[in-house]
Amino acid sequence: MTYGCDCPDIACPSLLTSSDQFKELQLHNVTFLSDFLPLFLKQLQSPTLGFLIGGIVVAALGSQLAIPDSIYKFISFFLLMKIGLTGGIAIRNSNPAEIFLPALAAVLVGIVIVFIARYTLGKMPGISVPDALATGGLFGAVSGSTLAAVLPQLDSAKIPYEAWSAALYPFMDIPALVTAIVVASVYLSKKSGHTSEKVEIWPIIKESIQSSAVTSLLLGVALGILTKPEPVYESFFDPLFRGFLSILMIIMGMEAAQRMNELRKVAQWFAIYAFISPILHGFLAFGLGLIIHKITGFSIGGAVVLAVIAASSSDISGPPTLRAGIPSANPSAYIGASTAIGTPVAIAICIPLFIGIAEVMLAQ
Amino acid sequence: MTYGCDCPDIACPSLLTSSDQFKELQLHNVTFLSDFLPLFLKQLQSPTLGFLIGGIVVAALGSQLAIPDSIYKFISFFLLMKIGLTGGIAIRNSNPAEIFLPALAAVLVGIVIVFIARYTLGKMPGISVPDALATGGLFGAVSGSTLAAVLPQLDSAKIPYEAWSAALYPFMDIPALVTAIVVASVYLSKKSGHTSEKVEIWPIIKESIQSSAVTSLLLGVALGILTKPEPVYESFFDPLFRGFLSILMIIMGMEAAQRMNELRKVAQWFAIYAFISPILHGFLAFGLGLIIHKITGFSIGGAVVLAVIAASSSDISGPPTLRAGIPSANPSAYIGASTAIGTPVAIAICIPLFIGIAEVMLAQ
Amino acid sequence: MTYGCDCPDIACPSLLTSSDQFKELQLHNVTFLSDFLPLFLKQLQSPTLGFLIGGIVVAALGSQLAIPDSIYKFISFFLLMKIGLTGGIAIRNSNPAEIFLPALAAVLVGIVIVFIARYTLGKMPGISVPDALATGGLFGAVSGSTLAAVLPQLDSAKIPYEAWSAALYPFMDIPALVTAIVVASVYLSKKSGHTSEKVEIWPIIKESIQSSAVTSLLLGVALGILTKPEPVYESFFDPLFRGFLSILMIIMGMEAAQRMNELRKVAQWFAIYAFISPILHGFLAFGLGLIIHKITGFSIGGAVVLAVIAASSSDISGPPTLRAGIPSANPSAYIGASTAIGTPVAIAICIPLFIGIAEVMLAQ
Amino acid sequence: MSQQVWKLVIVAEEILSKKLIKLIKAAGATGYTVNAAGGEGSRNVRSTGEPSVSHTLANVKIEVLTGTRELADTITREIEAKYYADFSIITYIYPVEALRDHKF
Amino acid sequence: MSQQVWKLVIVAEEILSKKLIKLIKAAGATGYTVNAAGGEGSRNVRSTGEPSVSHTLANVKIEVLTGTRELADTITREIEAKYYADFSIITYIYPVEALRDHKF
Amino acid sequence: MSQQVWKLVIVAEEILSKKLIKLIKAAGATGYTVNAAGGEGSRNVRSTGEPSVSHTLANVKIEVLTGTRELADTITREIEAKYYADFSIITYIYPVEALRDHKF
Ligand SMILES: Nc1ncnc2c1ncn2[C@@H]1O[C@H](COP(=O)(O)O)[C@@H](O)[C@H]1O
Ligand SMILES: Nc1ncnc2c1ncn2[C@@H]1O[C@H](COP(=O)(O)O)[C@@H](O)[C@H]1O
Ligand SMILES: Nc1ncnc2c1ncn2[C@@H]1O[C@H](COP(=O)(O)O)[C@@H](O)[C@H]1O
Ligand code: NA
Ligand code: NA
Ligand code: NA
């Protein structure tokens, strides 16, 4: 079978019309699920996930354990450098043109996610539009830790993916943040009536690129392309990657438990959004990825990376940018939603989900 | 020969009665020592010890060198996680029932150590009972760094031990702290005459378990049992263990030198206690370990671990718990005694001592 | 050919007299350069350098990226410990007497550099003598990061060098700082007229040795000689060395960019001095190294190490010592000159330069 | 817009920080600000087991702005009763002018 | 040698620190001193995404010595206009005696 | 139980911290409290070689409570004599009420 009839029933059922096609898919779905479930469950046992849950439990039990801030900062830097280096080294011997369509898809998804939030979460009772936009921006933006978590699991599952696919990060991250901030300012100046002073877009882009997360990634890419970092890469960045990742997962888990209390204080719609949207965003991006796969031969693994990037919500670069860009939005709401629910869902559900789907597709 | 007649002359001479047996042991002792001394001296050259002494010298010479607090916290976390993971992975394919008797011995030793301090150190001129109890509690509790130091040396000496034996840590740590605090409160409320308001035991246990040290260890054990952390373990925790340990040894050495000044300010009885008791506690636990060895086949290496756990005195979890639990005790006295003398004695004397003894026993 | 006629035209043209010799050298120079340039360019692509430039760019673009102070401190400690251990382990099976002449040369260079600064930089319009002396002291002193950078590049270039040559660090570092401070105090008390209260030299030496940088190095050497750190060395210090070095290079690069602004505020003579003097100092030391090479068979690689130590300017130990020793000197001037220009020149120009020269010599 | 309030400063062993904060909130303060601090005093007890070689800031400095002198005095009285005897701690107070129209 | 000056204290979310410092310098203060700080208040917004489990000091405390009350008031007024509505921030002031002959 | 004391504040380059503390103790103060601090001033010398990119708090803030104004003045005078000329440093003082019956 081709992915042709796979794609719809996963990512774009709306495309379905004729009833025979539908029956066939019914049938197909059964076999699909029976293939998928065991793979999905296997994914759930990955150490990455274990460490995340471990962190949640530790914090929930009120342990004194704390990983110092400087260690957290170093690990984030290390992981994104490593991802960047891997990408940069690979780009050296690959055709940069290939990245065009996936990057376009990333930009698109980043922007669309914000509008989805605006017109779903933003319509809920007691949710202010700026709060909804800030939340959409954060969920459209990308989490370095989630990105770091999916790559080794793709490797373990032996699913090939374009090494540069991690470089899609900023292409979704920045447009999402920019859109959220711009739309919010327009909305607010409309509301306050007085003629809107134009929002400067460039400063927002600049701030996102200058954020430690994006800088680390791009620095890695640049060094990977321009220098010969193999000795350092093989002796340091590559072997230590999984270890530092596991520690970051513990931190993320502890943080999720901590932020829960904060989230409780705000409307539960944020929690609901935080649970559903990563999966939704993932499927949206995965669908686009499969379409590009059909068109250009972009790998299915690459589509998984794109999906997980979409499913992830920013934990490092996003919050400060949004806090500054949409000051009237309540950070407890959007950071709480992202850290307490969004990131765990992206790591614990979306990564196994899309890897599982990819495995089935590659198997068939 | 069996360990039967070894055990007594090492750990419980009091059991000896008949004079022939005695003569025989006299004789035996000679050969024993001639076997033991070279092994003991060899142990003294271990890098672990070298780094500890290096730290002491550096600090004594007043160097500006300082390992940042966050690095120290991360290393403690890392080492205890690794020890926990090793244990957890091993427990997976081992019979948990085996741990019962050794754990019981650990609890026993933890409690007894406190009473020993109460009725030896506590009887000395100018030593208040609360000070003695706090010191006993700290020396009954366990040092993660000392535990981390003994395991690789057992490996180098090719002495087998139950991988779960590190999990004995909390079984001695918590009872010691609880006993010290409870006995102290009872004593103080008796003294102050007015009807003693009962001491809550559970909060103390909770606080000990929630301490970063115990949490790190238990988190490692849990992850080792429940997830498949092998990839992370082999690429990160295992290879870096000795390195981070050596750096922790430098820190411990520097700290020992620093605390010396503090210790000088208090009665010298604390120093004397701090020097003798680790060896005494070690033999006490080693003896129990050998008895269990006789009964259940608990390994001699395991008995060494039990002995070193007993010889060690808490450096991370204990002090804050005791400070809160026995506020009237002078922390300069018990922390000084433990850090400036107790830990160096445990690492520099007790570890080589019991490994040396074990080697002789295994050789014979 | 022997190095005999190489040495002059590199390091001491002044020695040249007869015109035939001169012609021959002319000729020789051509072939020398044609051999040298490609090797020099190859050196410029080393990852070390790439990471340094990466750091400069990142900071120049105003990124938020920051490597925490505690990580920086740990990395400096780690790298110098590793260098010390390597040296110490090697010294064990080498003749300590060998180090005598090179150490003497190091002391000499350290002292001479200060006087060069005094009578070149110090004579420039608008440059105070104390400022010139402090700058000379800092450039005479040694940079741990630069030293750490040259050794792996010598290894990659397969140029053999005495493992103990890193131990030359303090022999140049301390005399330079002492000379600068002593000469400055003499100068100042002369100026202020009143009878100079003698400057205490010992405290300055003590402070330099107690500095974290020198302590880390000497601690490593001592542990390398006295203990058997091989297991720790092979599992930790050796494999992680290049990785931590690359991160230190990023920090150094960022710092260079930062300090540029500070340097701009002071007379440009500091910038000019900072650019020229490392190369000059390098050649001075390299020349002496080659002479010792002729006399005692000190390796050419060792001469490169000596040259780079001379070319480097202190970034850890020097500044506080000088700030305390010559308070009236302006730290923005000497620290700015050293960090913003001196260190980048030493790493980016001097290391490739002297390795390139050495390669040619060894090839011929 | 400005109001006269009291600033109560507490410097104590870090180990007390959680308990002091609980006490302060319970007493009814609208907030507090904490700093890591180091120092020496008449007793100068280093009560954490953490390496002082790395962990130099073993004290905590807590500042509480209170609308009334009574509240500040209550907090001090409770702290005194609970901790002065056994712990390394000092407290002092002075009047400041809060410029923001902020409930204290 | 001594002079009477005003000490203005600002406690705010760390995220504002760069902007506040710019504002303070622009207003004409001769300097400022910053501390990392933690705390809770009426709103107590934790605005960084950084793990609070590790990054506990999410506030910054800025102290500005001003020669005149006017300068201090100007700074406060600007801060109020720009940040009081949306950010977690308090300010207060009190007179101190600067012992060094230093231009404020 | 309460007593009127003086609070002397010193903000200086971190590099001076050990020397200042020695001076303060020698002068007879019963204690001191230190904070890591950052800041800018009229000279604002960054005197450590440590990367300012990571090491942002290059200043130290030292607070000394003194029972008498004389003691505070002595300390300031000595600091001025030794360090004002060459180092980045400011000092100021104000009266506070020490609530604990503590010898200052
Ligand atoms: N005279 C003082 N000036 C400033 N801080 C002090 C003074 N005395 C004590 N402190 C601070 O209060 C803490 C506890 O003081 P004490 O209870 O006297 O040991 C010390 O660690 C110092 O940080
Ligand atoms: N009553 C108070 N006393 C001391 N600090 C306060 C007080 N109220 C607020 N703060 C500090 O000011 C920050 C912002 O306060 P708020 O704007 O009320 O959330 C808090 O995080 C505290 O650090
Ligand atoms: N006007 C001011 N307000 C607050 N702190 C200041 C002020 N001026 C200087 N400082 C602090 O004192 C330090 C030294 O000041 P200076 O000697 O003027 O460079 C600066 O780094 C600041 O931390
Ligand atoms: Na996203
Ligand atoms: Na023990
Ligand atoms: Na030099």
Side-chain angles (χ1 to χ4, degrees), chain B residues 41-75 78-79 82 148-149 151-157 234-251 253-254 257 348 352, chain C residues 67-82 84-85 88-89 92 144 170 203 205-241 243-244 316-321 324:
Chain B
L41 295 176
K42 200 175 118 292
Q43 284 302 320
L44 283 177
Q45 297 166 351
S46 82
T48 313
L49 186 51
F51 282 78
L52 180 77
I53 294 167
I56 294 178
V57 173
V58 162
L61 296 181
S63 160
Q64 304 289 325
L65 179 64
I67 315 278
D69 184 44
S70 52
I71 301 296
Y72 162 77
K73 284 205 174 75
F74 174 72
I75 292 180
F78 175 95
L79 296 176
K82 191 276 187 180
L151 301 181
Q153 294 191 53
L154 279 168
D155 298 338
S156 322
E234 277 144 27
S235 66
F236 188 70
F237 287 100
D238 194 36
L240 300 187
F241 184 73
R242 280 166 178 272
F244 280 131
L245 174 61
S246 66
I247 289 171
L248 184 63
M249 286 300 117
I250 293 177
I251 298 178
M254 293 168 72
Chain C
I67 315 278
D69 184 43
S70 53
I71 301 296
Y72 162 77
K73 286 207 174 75
F74 174 72
I75 292 180
S76 312
F77 165 74
F78 175 95
L79 295 176
L80 285 160
M81 269 287 286
K82 191 277 187 181
L85 284 168
I89 294 172
R92 252 197 257 139
I205 298 179
K206 195 152 144 273
E207 185 175 354
S208 316
I209 296 179
Q210 290 178 335
S211 75
S212 55
V214 176
T215 307
S216 310
L217 186 77
L218 295 183
L219 177 60
V221 173
L223 290 171
I225 297 177
L226 302 175
T227 71
K228 300 209 169 13
E230 279 78 358
V232 183
Y233 182 83
E234 276 142 28
S235 66
F236 189 70
F237 287 100
D238 194 38
L240 300 186
F241 184 73
F244 279 130
I316 305 177
S317 54
T321 311

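The CG atom of L223(C) sits 13.0 Å away from atom CE of M249(B), with the distance rounded to the nearest 0.5 Å. Between the CG atom in L61(B) and the CD1 atom in I209(C) there is a gap of 9.5 Å [rounded to 0.5 Å]. The distance from the CD1 atom of I250(B) to the CE atom of M81(C) is 4.0 Å, given to the nearest 0.5 Å. Here the CG atom belonging to L240(B) is positioned 5.5 Å from the CG atom belonging to L240(C), to the nearest 0.5 angstrom. With rounding to the nearest 0.5 angstrom, the CZ atom of F237(C) is 4.5 Å from the CD1 atom of I247(B).
S63(B) and T215(C) get closest at one heavy-atom pair: OG-OG1, 2.9 Å. Closest of all the heavy-atom pairs between P68(B) and K73(C) is CG-CB, 3.8 Å. Closest approach of G243(B) and F236(C) over heavy atoms only: CA-CG, 3.2 Å.
With a 4.5 angstrom heavy-atom cutoff, F74(B) does not touch chain C via any of its atoms. In this structure, the portions of F244(B) lying under 4.5 Å from any heavy atom of chain C include both its backbone and its side chain.
Residues L65(B) and S216(C) form a side-chain contact, since some pair of their non-hydrogen atoms from C-beta on lies under 4.5 Å apart.
Of the residues considered (K206(C), Q210(C), E207(C)), Q210(C) shows the highest number of contacts with chain B, using heavy-atom pairs under 4.5 Å. Ranked by non-hydrogen atom pairs under 4.5 Å with chain C, the options G55(B), G62(B), S246(B) are led by G62(B).
Scored by the side chain to side chain contact (heavy atoms under 4.5 Å, CB included) test, S235(C) finds R242(B) as partners (sequence neighbours excluded).
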